[in-house]
There are 2 protein chains.
Amino acid sequence: MENKVIYGDCLNEMKNIDSNSIDLIYIDPPFFTQREHSQKTRDNSKEFKFSDKWKSLEEYLTFIKDMLIESKRILKDTGSLFLHCDKTASHRLRCLLDDVFDSDNFVNEIVWSYKRWSNGKKGLLNSHQTIYLYGKTKEFKFKRIYGDYSPTTNIDQILQDRTKDSNGKSQYKKDKEGNIVIGKEKLGVPLTDVWDIPFLNPKANERAGYPTQKPLLLLERIINICTDEGDIVLDPVCGSGTTLVASKLLKRKYIGIDISKEAIDLTKKRLENPIKTESRLLEVGIEDYKEKSETEIAILKSLDATIVQRNKGIDGFLKKYYKDKPVSIKIQKSSESLEEAKRKLIEASKTKECKLMILIKTNNVREKILDKLNQKEDDVKIINSYELDVSKILSEL
Amino acid sequence: MENKVIYGDCLNEMKNIDSNSIDLIYIDPPFFTQREHSQKTRDNSKEFKFSDKWKSLEEYLTFIKDMLIESKRILKDTGSLFLHCDKTASHRLRCLLDDVFDSDNFVNEIVWSYKRWSNGKKGLLNSHQTIYLYGKTKEFKFKRIYGDYSPTTNIDQILQDRTKDSNGKSQYKKDKEGNIVIGKEKLGVPLTDVWDIPFLNPKANERAGYPTQKPLLLLERIINICTDEGDIVLDPVCGSGTTLVASKLLKRKYIGIDISKEAIDLTKKRLENPIKTESRLLEVGIEDYKEKSETEIAILKSLDATIVQRNKGIDGFLKKYYKDKPVSIKIQKSSESLEEAKRKLIEASKTKECKLMILIKTNNVREKILDKLNQKEDDVKIINSYELDVSKILSEL
DNA sequence: TCCAGAGATGAATCCACCC
DNA sequence: GGGGTGGATTCATCTCTGG
């Protein structure tokens, strides 16, 4: 199968997709706000808009239901569907889901929670949206992701084995001599259904200017928990194409459909050059996005650097200037080759008048321990992650 | 009016309440789990139970709908209703609410989010419940509560005034000389609709032994935002009486109804002597439990370790066991001598059956770069902070 | 095949005890 | 006695087994 970005009506186009062929469908339909949505790109060069006005709730629900029916048909038995909505019509949509997918196949009600600028509305500040997860069958694919224990958790809770006493109450297990018994290895805490993921920053580079654009982090998490590499992801209302970008970054195949020519063009552009604001989320493997950025932060702090968020090419600046100009820093991402990282750093530093740029070569601290390579080329200084002594580097120049 | 705790059927008893007389109704009905719920008091002296089994969904929905209709009748025009539910039937219940209260009077979908012990379920760990807030009319009472700004909020954003430019984009206001303009005093961040409140702890004194007991803090917040002192609060399914206890503590009048005699007795007892758990977690916040620096966390994460907070001798454990036993890790603090750190690690590891302990010699990453000291003594392995390759260390033993 | 009941689970968090 | 550390208890659970 080939990746596709299709300009057309989602319902018509879905009818052309084979039954039982898709691993994951993410639908982010209009929320029934009864409004036009529009947003300009940050340079005001372009305005994207889509209409979320409907004759009636019934018309809206029929539109969604038809899409759900097609979705079920084309999903594999191990496939799953995520329907993204908000409080406006979430309850109605879930009733449709129960009808089409059967309430037995309901898996989770995911709450995407974010912080937001306040408004003047009476009532509580809305700061969440809802994502329903349904499997096509009970055999839907699901990969557990584990996180850290709560800081309040006692180590004994994790280490010690337990039994029940005669009253059925749980207590620590003791051997014959009265010593404690250590239990088996633990994996960590399973991911919960409340996801605290920052809303797309209004100034983020990731922001393409498309209204209702979703953070890449959110889509990456969705794709990670329900698909493997090589699986096929469909977004029938792809908008600015975040789902497809996430699929591409995570080596999944993708099909995107949108009724707006502008959206399709934007999606294609983003796919050519995916801009990612934050470090890779939930890499396949043990590490999740959090530890990655914590490592990066630790490295930047050791360098006494100002941390720059949401910039594709620069992760920070030294607090001290070099030759009266700022020194930009980039930490190589695991998804980037060294050359690629270098190119991005140079590109992003262009307007900053940097006389020195530092590229930190480190996908993984452990891999780098014995790697003593220390190249010098042009104005880019490549250092290994453990050589965190800036003054030494500067004095060697 | 007098406070009342009524033993009886909620629907019958509500019919005896005057129209337009109640300021707030909080309903925490069965969630349609189709199960019996029971729990013993901690001293095993008493068992509380209630049934959540129904012939059909329709029977359940009819029961709730009747209660909603009565609720609307007895609410004042400035009154409001909170309906507490979970994913099982939340969508169905909200459809009822839209019918009875009208969708125009929908105010908020509140997410009560909490941390919970895990279980073996496929899918994400459920860790939230939903509370719907409807006003009887648009004139419902609502008092805004403000919180602190997020630590990441730029001070300029709080202090400076804003205008819109010609394209309608917001920007900082400047006076004629181009100086920034300081805006008016801000109140803080309004309370959002996602409430992070700890689940009632199994050992908390506040726990009365009643199943599904809600935390007092949750009810206090609800009562605070929608009523004034002296207002009347009704809980037609009062269970262990948390709503009434909160009302009493906040000087509101209250009416509670329950069909279980045991529940009524418990409620009366709690009202006589309200116990509120002073949660340290709530008082100081989760951040206060985190005592590790970012660097320490980065080091532990590189080692693939579980992080341990609030232990003076152990900072973490390797996720992988060594000789079937946990491996404790300590990172030397800048205030500690190596000997001191070692002593603490050994002491704290005593009861953990560790066959190996790792002491990381590092006050400061930068200071250690050229320090190649690598001692081996007893069962304590001392490594330098940058030698973060566990497999190598283990293979050398 | 369906349902009820028994059994396993495992970390969060307040509490109580112990120096 | 006050700060720190280990213990207890829970499941608007989940899974499995047997009739």
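Residue numbers start from 1 in every chain, and the chains themselves are labelled A, B, ... in the order their sequence lines are given, proteins ahead of strands. Bear in mind the structure is a predicted one, so any value in this text is a computation, not a measurement.
Rounded to a whole Å, the CD1 atom of B:Ile197 is 18 Å from the P atom of C:dA12. Atom P of nucleotide D:dC11 and atom NZ of B:Lys203 are separated by 15 Å, given to the nearest angstrom. In this structure, B:Glu47 atom CD and D:dT10 atom P are separated by 11 Å, rounded to whole Å. Here C:dA12 presents its C1' atom at 15 Å from CG of A:Asp148, a figure rounded to the nearest Å. Taking atom NE2 on B:His128 and atom C1' on D:dC11, their separation rounds to 17 Å, with Å as the unit. Between the CD atom of B:Glu347 and the P atom of C:dC19 there is a distance of 12 Å, given to the nearest Å. One can place NZ of B:Lys344 at 15 Å from C1' of D:dT5, the figure rounded to the nearest angstrom. Between the CD atom of B:Glu206 and the P atom of D:dT10 there is a distance of 15 Å, rounded to whole Å.
The CG atom of B:Leu271 sits 4.0 Å away from the OH atom of B:Tyr254 when rounded to the nearest 0.5 Å. Here the straight-line distance linking atom CD1 of B:Ile197 with atom CD of B:Glu220 works out to 9.5 Å at 0.5 Å rounding. Atoms NE2 and CG, on A:His128 and A:Asp196 in that order, are 12.5 Å from each other to the nearest 0.5 Å.
Along DNA chain C, the nucleotide nearest B:Ala204 and the nucleotide nearest A:Pro190 are compared for position; the residue whose nucleotide lies closer to the 5' end is A:Pro190.
Ranking D:dG6, C:dT13, D:dC11 by closeness to the A:Ser150 side chain, first place goes to C:dT13. Residue B:Lys312 has its side chain nearest to D:dG4 when only D:dC11, D:dG4, C:dT13 are considered.
With the 3.5 Å cutoff on both pairing distances, Watson-Crick and G-U pairs in DNA chain D assemble into runs of at least 3 at C:2-8 with D:13-19, C:10-19 with D:2-11.
Distance check on atom C1': D:dT9 versus D:dT13 gives 15 Å, rounded to whole Å.
Taking only side-chain nitrogens and oxygens, B:Asn205 comes nearer than 4.0 Å to OP1 or OP2 of C:dC15. In terms of phosphate contacts, B:Asn311 brings a side-chain nitrogen or oxygen within less than 4.0 Å of OP1 or OP2 of D:dG6.
If you check every strand for non-hydrogen atoms under 4.0 Å, B:Lys115 touches sugar and phosphate atoms only.
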- Query: What string of B, S and - do you get for nucleotides 12-19 of chain D 5' to 3' if you count protein non-hydrogen atoms under 4.0 Å?
  - Reply: BSSS----
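The existence of a salt bridge linking B:Asp265 and B:Lys269 is excluded, since no basic side-chain nitrogen approaches an acidic carboxylate oxygen closer than 4.0 Å. Between B:Lys87 and A:Asp193, no side-chain nitrogen of the basic residue sits less than 4.0 Å from a carboxylate oxygen of the acidic one, so the salt-bridge criterion is not met. Classification of B:Arg92 and A:Asp98 as a salt-bridged pair holds, one side-chain N sitting under 4.0 Å from a carboxylate O.
Taking the six-membered ring for Trp and thresholds of 30 and 60 degrees, B:His84 and B:Phe31 have nearly parallel ring planes, at less than 30 degrees apart. B:Phe50 and B:His37 have parallel rings, their planes meeting at less than 30° on a 0 to 90° scale where 60° marks the start of perpendicular.
A ring-centre distance under 6.0 Å is found for B:Tyr60 and B:Phe32.
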- Kindly indicate, with the supporting measurements, whether the criterion side-chain contact (heavy atoms from CB on, under 4.5 Å) is fulfilled by B:Ile27 and B:Ser71. CA-CA 9 Å; B:Ile27 309 182; B:Ser71 295; 3.7 Å; yes
